[in-house]
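Beneath this line is the structure, given in structure tokens, with notes to follow.
Below, read A as the first sequence line, B as the second, and so on, with proteins coming before strands; counting in each chain starts at 1. As a basis for the values below, the full set of heavy atoms in this structure was taken, side chains included, without hydrogen atoms, waters or symmetry mates.
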Number of protein chains: 2
Amino acid sequence: MPSKETPRIVEPKANISGAERTLEPLKLGTRLRDVRKNKNWTLEEASKRTGLARSTLSKIENDQMSPTFEVVQKLVTGLEIDIPQLFTKGDLQTNVGRRTVTKKGDGKEHPTATYQHELLCTEIINKRMIPFKSTIRARSMDDFGELVRHNGEEFLYVLEGELTFYSEFYEPVSLNEGDSLYYDSGMGHACVSTSPQDAVIIWVSTPHGY
Amino acid sequence: MPSKETPRIVEPKANISGAERTLEPLKLGTRLRDVRKNKNWTLEEASKRTGLARSTLSKIENDQMSPTFEVVQKLVTGLEIDIPQLFTKGDLQTNVGRRTVTKKGDGKEHPTATYQHELLCTEIINKRMIPFKSTIRARSMDDFGELVRHNGEEFLYVLEGELTFYSEFYEPVSLNEGDSLYYDSGMGHACVSTSPQDAVIIWVSTPHGY
DNA sequence: ATCAAATATTTCTTATAGGAAACTTTTAGA
DNA sequence: TCTAAAAGTTTCCTATAAGAAATATTTGAT
């Protein structure tokens, strides 16, 4: 493990000058370079993924040219970037510096007929993700009136037991401890425990309205 | 597996008109024309507001050329367009019905000096959350050159071991198996294992942030 | 309908984006 | 160190974006 010599913290995150909207500075190049570096991709790799020439990528990253919209789209899909982010110049740091811990078992209980949810980190509201730890009490699809639907996406990781994930557009799939699942929660879905003891999972959901 | 009797499903989610992709087709031209017409602006007016030539605007609206990023920015500010809107095109229901499973240990390895990441559910791109399972190899703050920062929020759940979470604005906090943490990742942060064997966590991050 | 005036499109020119390949720099291995 | 390979940059060239001006089209007043 490389033991870097120096400091911690850098760039004190100067500008939270609210007013600043878009345009002007927006260092697209640096931005893209950061994204790519963070994924440990070489220009060659990025080139393959975006379908753009290495040279083109290099020039863009060095702010030596302004890519066409077409190219921006390729960048966005190829590098898996969120477009709005690209335009949001610098950091629209809302929610700066929030942090909260939930010790084991200290979440907010939220029991339903089919699941026993323990909401985590509820001290912070207005989050972009809603995490909870759930025990799946449902034992059959009949326990659900209908498949659940709500706009957004969900990620699920199995901590204990075995469960079957039913959904509107797919065959049911069985998940064991250590398996994970990501899905569009606008698609009807439901989880059912299939192990002797109820399955327990970590569930992270995006908030409704976006 | 108890393949229970049938469906439940309600409202068949009308608009999965197949064709509707994500952002390839995106008719930028028509989109812009709509916006402009809506405001009852003439090309001349739009030209003044954006600083672009009438002819250029005309060509863009008629999909006769792909504007540069620079021009897109001028369009966006000059025409007072809501960026996400511009790109989300039509029904914001892109990504309908996606689902992907990652079995235990089948994630994409992504080693760094300080963490051993296993990216989960990478089959789906352009997600609103990026989940991974990480082994924390760092044993001291010195293993980090500097605190990590990237716009967004992160959720963390400890699967095994013990770790200490360092951050820019808080006292270090110790986390054990079963504990969870939610924080603004724009705030400098770093995790360090403190148990005999490296701590393992589930980490979920919001995109974009590099 | 006819013709101005206003609006939109096309043409023409130049400046520059984007790709291929040459070149330079960095990295890793002996 | 030195050297070879990998990563990144620059050059050179063609295709095309963007502006100015000419042309065409629409609007609306009589």
Side-chain angles (χ1 to χ4, degrees), chain A residues 1-6 22-24 26-81 83 86-87, chain B residues 23-81 86-87 109-114 116 137 143 145 210:
Chain A
M1 247 164 286
S3 181
K4 281 287 188 92
E5 67 278 42
T6 18
T22 3
L23 197 50
E24 270 86 53
L26 177 58
K27 305 260 290 171
L28 177 63
T30 339
R31 198 76 165 219
L32 287 174
R33 172 145 297 173
D34 287 347
V35 171
R36 180 174 63 83
K37 288 289 191 186
N38 212 61
K39 297 184 190 267
N40 272 359
W41 288 349
T42 95
L43 281 181
E44 183 56 33
E45 177 92 31
S47 168
K48 278 194 195 119
R49 293 187 183 248
T50 57
L52 298 166
R54 278 206 319 286
S55 54
T56 304
L57 293 171
S58 170
K59 282 180 265 185
I60 295 174
E61 289 191 353
N62 291 300
D63 293 312
Q64 280 166 25
M65 58 176 248
S66 173
T68 59
F69 181 70
E70 215 179 284
V71 167
V72 172
Q73 290 192 92
K74 287 185 186 167
L75 284 171
V76 165
T77 49
L79 302 186
E80 304 167 14
I81 309 176
I83 301 185
L86 263 190
F87 286 84
Chain B
L23 32 84
E24 308 317 331
L26 179 55
K27 305 265 292 170
L28 179 62
T30 346
R31 198 73 170 200
L32 285 173
R33 173 147 293 173
D34 288 347
V35 171
R36 181 173 63 83
K37 289 289 191 190
N38 240 19
K39 301 190 188 250
N40 267 15
W41 287 350
T42 140
L43 281 181
E44 182 57 32
E45 178 91 30
S47 168
K48 278 192 195 122
R49 292 185 184 252
T50 57
L52 298 167
R54 282 206 314 286
S55 54
T56 306
L57 292 171
S58 169
K59 280 179 267 186
I60 295 174
E61 290 192 351
N62 291 300
D63 293 312
Q64 280 167 26
M65 58 178 248
S66 173
T68 59
F69 185 68
E70 216 178 282
V71 166
V72 173
Q73 288 189 92
K74 287 185 185 168
L75 283 171
V76 165
T77 51
L79 301 186
E80 301 165 15
I81 304 178
L86 221 201
F87 291 88
E109 289 302 332
H110 177 77
T112 72
T114 42
Q116 172 79 31
R137 306 198 288 196
D143 296 339
Y210 21 87

**Asked** How bent is the helix from C:dA1-D:dT30 to C:dA30-D:dT1, comparing axes over its five end pairs at each side, to the nearest 10°?
**Response** 40°

**Request:** Could you tell me whether the side chain of B:Thr77 and the main chain of B:Gln73 form a donor-acceptor pair under 3.5 Å?
**Result:** yes

**Expected output: side-chain A:Arg54 to main-chain A:Glu44 donor-acceptor under 3.5 Å** = no

Give the rounded distance in Å between these two atoms: [atom1] of [X] and [atom2] of [N].
X: A:Asn62; N: C:dT25; atom1: CG; atom2: P; result: 14 Å
X: A:Glu44; N: C:dG19; atom1: CD; atom2: P; result: 13 Å
X: B:Leu43; N: C:dT9; atom1: CG; atom2: P; result: 6 Å
X: A:Lys48; N: C:dA20; atom1: NZ; atom2: P; result: 14 Å

**Message:** Go through it in stages, so that I can follow the logic: the residues are A:Val71 and B:Thr68, the test is side chain to side chain contact (heavy atoms under 4.5 Å, CB included), and I'd like the CA-CA distance, side-chain angles, deciding distance and then a yes or no.
**Reply:** CA-CA 9 Å; A:Val71 167; B:Thr68 59; over 6 Å; no

**Message:** Return the CD1 to CG distance between B:Ile60 and B:Leu43, rounded to the nearest 0.5 Å.
**Reply:** 10.5 Å

**Request:** Would you give the length of the straight line joining atom CG of A:Asp63 to atom CZ of A:Arg33, rounded to the nearest 0.5 angstrom?
**Result:** 9.5 Å

**Asked** So, is A:Arg33 near the phosphate of D:dT9, with a side-chain N or O under 4.0 Å from OP1 or OP2?
**Response** yes

**Message:** I'd like to compare against my own output: the B/S/- annotation of nucleotides 14-28 of chain D with a strict under-4.0 Å heavy-atom distance to protein.
**Reply:** ---SBBBBB------

**Asked** Base, sugar-phosphate, or nothing for A:Ser58, non-hydrogen atoms under 4.0 angstrom?
**Response** base

**Qualifying residues under salt bridge (charged side-chain N to carboxylate O under 4.0 Å, His left out), relative to B:Glu45, sequence neighbours excluded** = B:Arg49

**Passing option when B:Leu57 is tested against B:Thr42, B:Leu32, B:Thr50 for side-chain contact (heavy atoms from CB on, under 4.5 Å)** = B:Thr50

**Prompt:** Between B:Thr112 and B:Arg137, does a side chain to side chain contact (heavy atoms under 4.5 Å, CB included) hold up when you go through it step by step?
**Reply:** CA-CA 9 Å; B:Thr112 72; B:Arg137 306 198 288 196; 5.5 Å; no

